[in-house]
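Bear in mind the structure is a predicted one, so any value in this text is a computation, not a measurement. Convention: sequence-line order gives letters A, B, ...; per-chain numbering from 1.
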There are 2 protein chains.
Amino acid sequence: MVDIARLAGVSTSTVSRALSGSSLVNDETKKRVAELARSLNYTINIGAQNLRLSQNRTIAVVIPYDAANRQHVSDPFFLSMLGSLADAITDCGYDMLISRVDADRLDEAAQIYEGGRAIGIILIGQWQHHDQLNDLAVRRVPIVVWGAQLPQQYYCTVGSNNVEGGKLATEHLVSHGRSRIVFFGDRQLPEVSHRYAGYMQILENHHIPLREELYVSSAFTVESGKQALHQLLKSKIPFDAVFACSDLLAMTVISGLRTEGIHVPHDVAVVGYDDIELSQHFHPPLTTVKQSIDVAGRTLVEALVELMAGKAPSPLLLPTSLIVRSTSA
Amino acid sequence: MVDIARLAGVSTSTVSRALSGSSLVNDETKKRVAELARSLNYTINIGAQNLRLSQNRTIAVVIPYDAANRQHVSDPFFLSMLGSLADAITDCGYDMLISRVDADRLDEAAQIYEGGRAIGIILIGQWQHHDQLNDLAVRRVPIVVWGAQLPQQYYCTVGSNNVEGGKLATEHLVSHGRSRIVFFGDRQLPEVSHRYAGYMQILENHHIPLREELYVSSAFTVESGKQALHQLLKSKIPFDAVFACSDLLAMTVISGLRTEGIHVPHDVAVVGYDDIELSQHFHPPLTTVKQSIDVAGRTLVEALVELMAGKAPSPLLLPTSLIVRSTSA
DNA sequence: GTGAAAGCGCTAACAT
DNA sequence: ATGTTAGCGCTTTCAC
């Protein structure tokens with residue numbers, strides 16, 4: 001900037017004003033400065049500008065990871081969420097910083113905000129870290145979490161209506177005459193526990209006994225899904241349907257069943273969750289509970305913007321819908 | 001920082017030194033400062049620190065978008081790349097900024113660097129923007145591009161060996177007795193054109209005539225794939241195999257063929273490209289050319305780090321391998 | 001319409 | 001072992 005000022009024969013103040021389009025500066029000077037800047041490939045230093053203005057246009061997206069398995073992001077739904085957020089954040093004129101933090105040290109996420117790295121945080125992956133998230137909210141860190149709404153919650157969540165999703169899937173299976181429905185997922189996770197609540201409710205409505213042995217715990221990975229299915233088959237517990245907590249898990253289950261000669265949907269009906277793009281191309285095309293990823297991304301950003309504006313957005317529940325295809329008919 | 005200094009009864013310099021673990025400061029003072037900082041939830045302001053030290057630990061990942069279709073990131077391979085980069089960048093101790101820029105204004109990417117927003121750029125999506133990328137390199141912007149190595153190239157690329165990939169797929173199909181192999185993709189794109197070159201070469205080796213009508217142009221989207229397949233089927237051109245330029249496209253093709261009563265692999269063999277996670281769970285499990293996403297992410301980051309260190313890393317070609325499953329047997 | 005000067009939050013000589 | 005001072009690149013009062 002000093003260089004431009006020297007070359008243009010004006011002061012840095014004038015250059016600054018010219019570049020920001022201030023009306024106080026002579027049009028001719030403006031033009032001269034603009035040209036000089038272009039020819040020197042000069043761009044304003046955002047860090048310095050931010051410092052001076054005490055401002056910032058960066059939103060951080062935090063993805064916690066388990067220090068134990070240190071597994072990387074691979075679930076298609078999460079990945080799509082990243083894509084959706086990239087678009088939504090860009091569209092709102094913000095920059096997007098991606099940060100992975102140790103799930104046991106979520107408070108580190110606060111430093112991104114408190115250190116001025118970003119003006120707000122979107123966290124994907126609520127897992128079991130309710131208390132840590134509450135701590136963040138109490139510290140007044142502007143944070144919006146993708147996940148389930150829980151009692152005693154001080155932070156803002158955006159998530160799909162998991163109870164409804166659980167009901168939709170279960171009702172559909174029951175209405176097709178299935179009664180031994182395996183619930184496939186990890187109900188320790190808030191979102192999954194809500195889906196399980198929906199599942200239980202529908203069973204109760206239809207006076208179908210809830211069987212603990214039909215609950216199969218599995219994390220959101222292919223590996224975990226394979227193992228869980230293996231256990232289930234080995235146990236010889238009879239079942240005629242599976243409600244899987246993600247499409248990835250549903251596809252894993254269907255593949256596994258197929259290699260055992262069990263036919264989907266004839267022997268076992270399967271319903272997934274998420275409606276990732278590939279689900280419609282799977283064979284058989286997957287019946288699933290749709291969470292709209294586009295809406296999710298936009299809503300998360302909107303909620304965060306509100307929060308940063310000093311308002312207190314209430315937790316948001318996005319509608320889910322059942323997409324009936326061929327794995328359940 | 002001023003506050004802490006006042007409360008600790010020392011100067012800001014001492015606080016700064018204490019916080020950075022300088023050996024010049026009394027252990028007792030250090031402890032006092034550290035405690036104060038913790039209790040106030042104080043974190044150093046990275047922006048100011050960067051400004052003062054003229055440093056920066058941020059790497060930008062740029063994803064160009066077509067202003068025309070403004071379609072968002074949705075290809076599973078790209079998305080996985082994002083995940084892989086997030087891990088690789090984090091592991092190297094850098095922050096990751098995601099930025100979408102208009103594909104026709106790639107020079108805007110330079111501002112991310114020149115404006116001090118990031119110290120280096122990884123660009124995913126070379127498309128047809130060879131010249132713009134060269135301009136960036138000439139401007140000495142540290143940039144590494146995921147894509148194909150082209151003649152007259154001044155920027156550094158990392159990409160899989162697309163010629164080899166094309167050969168692998170085609171050789172495999174030919175060796176299974178297929179001779180009317182549809183090439184499914186957009187050969188305007190550098191990476192795809194290399195795959196096409198490999199495809200042509202193998203046909204020539206086997207004295208199989210190259211037929212222009214077996215080239216089917218399709219972008220990397222489901223929609224585009226559906227349409228292209230529709231055109232192909234309508235044209236009644238006979239074919240006994242398809243080499244699709246992404247797994248997503250391959251799955252789209254297989255679904256489309258199935259609804260027409262065409263059996264894969266009996267009537268038509270299909271080979272995809274990428275080996276995304278879902279390919280093994282597809283039915284039938286997809287034969288495909290694997291690009292290792294983990295290696296890709298790490299390699300991109302390594303190349304960029306070298307580049308930033310002032311070295312001139314040569315374009316890198318990652319090996320590909322054929323994963324034979326059931327769509328081609 | 002333009003310049004001089006102060007300061008955003010931090011660090012590193014240079015004192016002491 | 002600690003304080004004083006200057007300055008990273010920018011914007012903005014306040015003068016003129």
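The R17(A) side chain lies nearest to dT13(D) when the options are dT4(D), dC10(D), dT13(D). Here the side chain of A48(B) is nearest to one of dG3(C), dG9(C), dA1(D), namely dG9(C).
Evaluation of the salt bridge (Lys or Arg N to Asp or Glu O under 4.0 Å) rule for R139(A) yields E114(A) as partners, not counting sequence neighbours. Partners of H130(B) by ring pair (Phe, Tyr, Trp, His ring centres under 6.0 Å), not counting sequence neighbours, listed by chain and number: Y155(B).
Contacts of V10(A) with the nucleic acid, taken as non-hydrogen atoms under 4.0 Å apart, involve only primed sugar atoms and P, OP1 or OP2. Among the heavy atoms of the strands lying under 4.0 Å from L53(A) are primed sugar atoms or P, OP1, OP2 only; no base atom is included. Within the nucleic acid shown, G9(B) comes within 4.0 Å of sugar-phosphate atoms alone, with no base atom in reach, counting heavy atoms only.
Taking atom CG on N50(A) and atom P on dC10(D), their separation rounds to 12 Å, with Å as the unit. Atom-to-atom, CD of Q55(A) to P of dG9(C) comes out at 13 Å; the value is rounded to the nearest Å. For the pair L51(A) CG and dT12(D) C1', the interatomic distance rounds to 14 Å; values are reported in whole Å. One can place NZ of K31(A) at 17 Å from C1' of dG1(C), the figure rounded to the nearest angstrom. Separating the CZ atom of R32(B) from the C1' atom of dT2(D) is a distance of 12 Å, rounded to the nearest angstrom. One atom, CG of N45(B), and another, P of dC8(D), lie 18 Å apart when rounded to the nearest Å. If you measure from atom NZ of K30(A) to atom P of dT2(C), you get 10 Å, rounded to the nearest angstrom. Between I4(B) atom CD1 and dC10(C) atom C1' there is a gap of 13 Å when expressed in whole angstrom units.
Side-chain N/O atoms of Y42(B) include one lying less than 4.0 angstrom from OP1 or OP2 on dC10(C). The shortest distance between the side-chain N/O atoms of T29(B) and the OP1/OP2 oxygens of dT2(D) is below 4.0 Å.
Between the side chains of S292(B) and R298(B), no donor N or O sits under 3.5 Å from an acceptor N or O. In this structure, a donor-acceptor pair under 3.5 Å is absent between the side chains of S39(A) and E35(A).
In terms of position along DNA chain D, the nucleotide closest to T14(B) lies nearer the 5' end than the nucleotide closest to the other residue of the pair I44(A) and T14(B).
Contact of S13(A) with dA4(C) (side chain to base): a donor-acceptor pair of N or O atoms is detected under 3.5 Å.
Using the six-membered ring where Trp is involved, F77(B) and W146(B) have ring planes that are tilted, between 30° and 60° apart.
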